[in-house]
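Model, not experiment: these values are computed from the prediction. Values below: every heavy atom of this structure, side chains too, minus hydrogens, waters and symmetry copies.
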Amino acid sequence: MAAHLSYGRVNLNVLREAVRRELREFLDKCAGSKAIVWDEYLTGPFGLIAQYSLLKEHEVEKMFTLKGSRLPTADVKNIIFFVRPRLELMDIIAENVLSEDRRGPARDFHILFVPRRSLLCEQRLKDLGVLGSFIHREEYSLDLIPFDGDLLSMESEGAFKECYLESDQTSLYHAAKGLMTLQALYGTIPQIFGKGECARQVANMMIRMKREFTGSQNSIFPVFDNLLLLDRNVDLLTPLATQLTYEGLIDEIYGIQNTSEDFFDKLTVEQEFMSGIDTDKVNSYIEDCIAQKHPLIKVLRLVCLQSVCNSGLKQKVLDYYKREILQTYGYEHILTLYNLEKAGLLKPQMGGRNNYPTIRKTLRLWMDDVNEQNPTDISYVYSGYAPLSVRLAQLLSRPGWRSIEEVLRILPGPHFEERQPLPTGLQKKRQPGENRVTLIFFLGGVTFAEIAALRFLSQLEDGGTEYVIATTKLMNGASWIESLMEKPF
Amino acid sequence: MDCYTANWNPLGDSAFYRKYELYSMDWDLKEELRDCLVAAAPYGGPIALLRNPWRKEKVASIRPVLEIYSASGLPLASLLWKSGPVVSLGWSAEEELLCVQEDGVVLVYGLHGDFRRHFSMGNEVLQNRVLDARIFHTEFGSGVAILTGAHRFTLSANVGDLKLRRMPEVPGLQSAPSCWTTLCQDRVAHILLAVGPDLYLLDHAACSAVTPPGLAPGVSSFLQMAVSFTYRHLALFTDTGYIWMGTASLKEKLCEFNCNIRAPPKQMVWCSRPRSKERAVVVAWERRLMVVGDAPESIQFVLDEDSYLVPELDGVRIFSCSTHEFLHEVPVASEEIFKIASMAPGALLLEAQKEYEKESQKADEYLREIQELGQLTQAVQQCIEAAGHEHRPDMQKSLLRAASFGKCFLDRFPPDSFVRMCQDLRVLNAIRDYHIGIPLTYSQYKQLTIQVLLDRLVLRRLYPLAIQICEYLRLPEVQGVSRILAHWACYKVQQKDVSDEDVARAINQKLGDTPGVSYSDIAARAYGCGRTELAIKLLEYEPRSGEQVPLLLKMKRSKLALSKAIESGDTDLVFTVLLHLKNELNRGDFFMTLRNQPMALSLYRQFCKHQELETLKDLYNQDDNHQELGSFHIRASYAAEERIEGRVAALQMAADAFYKAKNEFAAKATEDQMRLLRLQRRLEDELGGHFVDLSLHDTVTTLVLGGHSKRAEQLARDFRIPDKRLWWLKLTALADLEDWEELEKFSKSKKSPIGYLVVPALRLRRSQLLYPFVEICMKQHNKYEAKKYASRVGPEQKVKALLLVGDVAQAADVAIEHRNEAELTLVLSHCTGTADAATADKIQRARAQAQKK
């Protein structure tokens, strides 16, 4: 039992136990002593599900990191590869298996694909002549990993980039699968809301997958009242700003050397941008940062923030920043800049119209009077700025999105509502004063400050809604920008 | 009821045997049974007959007919035998008919005479012919054993997974054994054979002579041998008319019997049941049937007709031209209840219930008697159990009624055994009906399981009955109704006279979204029958793309597969189809297909990015995607190519692409990069050191640090580096060099870039520019130098500068002088420890004063 997962409205231990059970069942299929060869990327997520003691109980005696050539020696009966379904990893596995075959006594090889088995990968193993060497080839649907009593993450580093830059919806498919698993454990979610292109796709996949399962009628009383799917690109602004909650600050500052004074200067500039001051011209603080060759990520984050707060920069301003960046940090960053443009983070203003003020005012994104000690509004998490994403969630629960149709149309992607009919026996009769539970899924990542804001809403006495948060990745502005950077050498 | 036990025959003191009719057969047999090869499947299975012209005088001009009947004699199939001479027939556990030919080929037919497949029992047979063959059943499946003309045995323990085992030779064997059988011990099949007075056991390694313990002397030959249904017991019939019965391991003798008939019996089979009281063997001659066991007397029946024995789990079926009977040892519960003058609780309860129906007070007396002995529960149980063993529904009913009656007087009798028996009997009566013709006993039914029974109904195409049974027993849909419907659909697709549309519609109408039905399985069957179009239509109903797509690929409908895969959102599936398409289509067509499927195209691009870079370029070219092509060349300029000229050429291609993409900025930047790269190479040649791939900014810095100010200036001018940045660059470089003298000069320089900086747009005054000097010196840990600049910093940043160099006291003074609350707070936050206590005090006083005013 992981106590921290069971304190919330929704007991996420149920999910954790379910995935642990699945893991144990797989390990027991490979009878005898075992060595696990890890795709390094998976060790983090697995650590949240199963400690070494669990593996040990099931006769896991050795653990290695997956790498080329031959495996370290291990006197075990089974060798199990825990890998993501990626072609380059298949090549390494094949190399391992072939060199092991030459070595002597036969071992039983198995492969566990996380989170999904892949025909493509199996074809590659077949082409490399090792597919037949595996006794068990299975998948381990570890999509959503419980992090906290109200927090689930897929820990999929590249999700944002894949979705918005490469039009690769693999992570959306996994998200939809993860949501199906959740529904299998916590009941069908009767209402689905969404905003954004990816949200639409995930909802479509869910509806389709539900059709695939017709018959195995879910008879669990629904725990979630609704699901809100949000595209990260509906709110590009929030992650760019420096998070000012405790957890957020730790996340931001950890590992970064910043003089406190510079930090305040930066905050001032950010706050000016977010409140709409001087967003249309070259900012001298940013200029200075470039001139002093401050970390590129910091500079990009500020420039992007300015761009987003101005619905794009004037061509001249944009070109000036880009030129400064290329000259100072190197021309290779032309690829990164292009990526940021593709993602909509850095772009020229189209039609010369700045929509941000409309959005800011309608959604009350900027609050001048913030009480940070006894907050009354979510804007405390950014000392004045109320995260757009969370505001959308708040307005959805009360008074409903119909009140903000106009702004929703300005924000990218469609907004929609879908209903998943429940058999009458499972329909909820709400007690007076009983809060709704909303599962909010951030497609493309969520920051700690947004989580804090949602928790704040959950705790409000007359809030009416409690949130469970799911995401493709827990992130901050820096890790986000970094995931979009491309270094050709 | 007195007559009820009329057909009970005692064997010894303990057991009774009874024989009752299952069906009167109205099959229209053209041949005598004795002229046919006969095979009847156990568990009430079908009967196959093949007139055997090969053994008799040569009238082979007429082709024989293979006929298959249900156990009730309904014809299931009839076909002209066109293959070679058949030695033996037998049914597999899956109710497939195995026909062993003289040439060792085994032909496999379905229940309806449909040819399934064939296999051979080995090449050796071709020369020597098969003399005899047996089909036998083990826990692994059904096996075939053959005896060849060379008197050698070959067997396969499982025809589903054919592995031939040639058994060792029997030393000195000159003629065919007088009789033989397959045994199964320790999960391995053996062969026991008799040659003259000797018995030999063949296992896979050796041939060993065996002797049955306690065998009567004087045997010169064994005429028959029989192994029991469960392979546990063995019976041997000798030429002296003597029967030895014992364990199949030949370690123990059960009993012996001398029947005094020396004629070889036609058949000998075991008749026992699980937990038998008595183990008996049934021996059949032309007109006589004998049940013998551990008793001085045997039971004898007269056979009016040519008959055939079928051993079952709990008895023997005997069929002839006109009837089909079952002979078995009377089960314990039935014996207890029906035995004459039985006082068993069940018997009393049955009586009580009968009296009750007659409204006689005797009912109460009987009931009291049972209750006084505390045996009512046992009585009810006995009645329920006995009902199961009754073949006639009226008897079943009367026993169940008695049980139900008894239950009323019990407080807590769990109802499930009663309910289950009622259900089981209803199912059994339904399948025993002669239209269906599966005469299973209760014990056989339980052994077989309902799942297998359903499979057998499906095999007989009795879909509606199977579905009714599923619904009646409330089996989960996935195991029950859905499975049956899926089988029905698989049969339906084979009806070639019905159009694709009609079949697809009929199937969908009946199956709808029934859970557990796999449309792709049905489609696969349709495809197997060569009905591709029907398969595609059926696949439309398949909601699982994971199932749909691979089959479409197999049917070479790759483009349809692609759109289905895309619909599903499962990228792995899309990739799989793409790679398939790539091999199937020529490059041009493949690209065209991609062009119409943006999602697939972007996935394929990702694939190429990692696996096939050149293809990626072609894709961009095809789409006139110049922007991406530009990026592609940029990446290429860094990859592999070491020579500057090669890199510049790649960049030139990038710049050209950017121009085509109308991205002037990127084009110009790339041209700048080319210029810089060439220049860096020249600098490396002229000055040594490392320049290539430094940023412009770092190149200039390196020049400054290396003392090449002129070159640095030149480069800055050439690339139009803004003055502000150049100023910062120099400042940083000088501090890095720790050239404090030069730094001071720089701070005072009149004709320095500072001049340009003091422009209104930047809103900076010269004294403000001194703050960075303080900062940079502190960064180099030179407090001394830093203090020099701090004192010169203008009033706006003075406090900050003083704090930076650690002069809290002076900072406090300046802040107090400025009467600036923010500054005071800032200084106060820097007051730490006792050293600054006085300063803190001073600030507080100043604040207090300010407030008074």
Side-chain angles (χ1 to χ4, degrees), chain A residues 85-88 116-123 162 166-173 176-177 201-202 204-205 208-217 259 261 284 287-288 290-293 315 318-320 322-324 326-335 337-339 486-489, chain B residues 477-478 482 513-517 543-546 550 567-573 575-576 579 598-599 601-603 605-607 609-611 627 631 634-635 637-639 665-666 669-670 672-673 676 693-698 719 721-722 724-729 732 762-763 772 775 800 804:
Chain A
R86 291 184 169 246
L87 289 179
E88 60 272 20
R116 214 125 278 128
R117 226 174 129 163
S118 146
L119 294 168
L120 188 68
C121 287
E122 293 187 356
Q123 183 62 43
E162 284 162 23
E166 294 162 350
S167 313
D168 175 353
Q169 5 168 303
T170 307
S171 55
L172 299 183
Y173 184 71
K177 282 271 186 190
Q201 288 191 32
V202 170
N204 286 349
M205 288 180 204
R208 209 193 137 80
M209 286 173 187
K210 187 160 185 257
R211 207 157 65 83
E212 292 194 9
F213 292 124
T214 45
S216 44
Q217 187 56 256
T259 59
E261 191 195 315
S284 66
E287 258 186 313
D288 284 351
I290 299 174
Q292 294 173 73
K293 220 181 163 192
Q315 193 68 52
L318 179 62
D319 285 355
Y320 177 78
K322 277 165 52 175
R323 193 162 169 274
E324 285 291 279
L326 292 181
Q327 288 199 350
T328 307
Y329 298 94
Y331 285 101
E332 68 272 21
H333 295 291
I334 197 164
L335 297 173
L337 291 174
Y338 177 57
N339 284 349
E486 192 175 339
K487 298 172 190 100
F489 65 93
Chain B
E477 281 189 312
V478 178
S482 305
D513 285 339
T514 316
V517 165
R544 292 166 303 165
S545 349
E567 245 172 63
S568 76
D570 183 347
T571 46
D572 180 55
L573 215 48
F575 270 128
T576 306
L579 295 191
M599 185 256 197
L601 178 59
S602 36
L603 279 182
R605 275 197 206 118
Q606 282 313 106
F607 173 81
K609 214 178 236 175
H610 296 115
Q611 306 283 334
Q627 175 64 40
S631 296
I634 296 273
R635 274 181 217 112
S637 81
Y638 287 100
F665 177 86
T670 307
D672 280 353
Q673 189 187 356
L676 178 65
D693 280 335
L694 290 183
S695 75
L696 175 63
H697 192 90
D698 293 346
F719 283 85
I721 294 181
K724 188 177 175 183
R725 182 148 56 83
L726 193 59
W727 181 81
W728 273 109
L729 186 156
T732 317
L762 293 164
R763 286 172 293 168
E775 244 183 348
K800 254 164 75 177
L804 195 59

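- Interface residue A/Tyr329: only backbone heavy atoms are found under 4.5 Å from chain B.
- For A/Lys322, the parts sitting under 4.5 Å from any heavy atom of chain B are the backbone and the side chain alike.
- Checking side-chain atoms of A/Thr328 against main-chain N and O of A/Lys293 turns up no donor-acceptor pair under 3.5 Å.
- Closest non-hydrogen pair, A/Arg116 versus A/Pro85, comes out as O-CG, 3.4 Å.
- Note: A/Glu332 leads A/Gln123, A/Gln201, A/Glu332 in heavy-atom pairs under 4.5 Å with chain B.
- For the residue pair A/Gln315 / A/Asp319, a side-chain donor-acceptor distance below 3.5 Å is found, with atom types taken as modelled.
- Across B/Ser545, B/Pro550, B/Gly546, the residue that shares the most heavy-atom pairs under 4.5 angstrom with chain A is B/Ser545.
- Here the side chain of A/Gln327 pairs a donor or acceptor atom with the backbone of B/Phe719 at under 3.5 angstrom.
- Between atom OH of residue A/Tyr173 and atom CG of residue A/Asp168 there is a gap of 13.5 Å, rounded to the nearest 0.5 Å.
- Judged purely by atom type and a 3.5 angstrom limit, B/Asp572 uses its side chain to pair as donor or acceptor with the backbone of A/Leu120.
- For B/Phe575, the parts lying under 4.5 angstrom from a heavy atom of chain A are both the backbone and the side chain.
- With a threshold of 4.5 angstrom between heavy atoms, B/Gln611 approaches chain A through side-chain atoms but not through N, CA, C or O.
- The CD atom of A/Glu324 sits 4.0 Å away from the CZ atom of B/Arg725 when rounded to the nearest 0.5 Å.
- Among A/Asp288, A/Leu318, A/Val202, the residue with the largest count of heavy-atom pairs under 4.5 Å with chain B is A/Asp288.
- Heavy atoms of B/Gln606 lying under 4.5 Å from chain A belong exclusively to its side chain.
- Contacts of A/Leu119 with chain B are made by both backbone and side-chain atoms, with heavy-atom separations under 4.5 Å.
- Within the model, atoms CG of A/Leu326 and OG1 of B/Thr670 stand 8.5 Å from one another, a figure rounded to the nearest 0.5 Å.
- Note on A/Glu166, A/Met205, A/Glu88, A/Arg117: by heavy-atom pairs under 4.5 Å with chain B, the leading option is A/Glu166.
- There is no contact between B/Thr732 and chain A, counting heavy-atom distances below 4.5 Å.
- Comparing B/Asp698, B/Leu696, B/Ile721 by how many heavy-atom pairs each has under 4.5 Å with chain A, the most go to B/Leu696.
- If you measure heavy-atom distances from A/Gln169 to chain B, the contacts under 4.5 Å come from both the backbone and the side chain.
- Side-chain contact, A/Tyr338 with A/Glu486: no donor N or O sits under 3.5 Å from an acceptor N or O.
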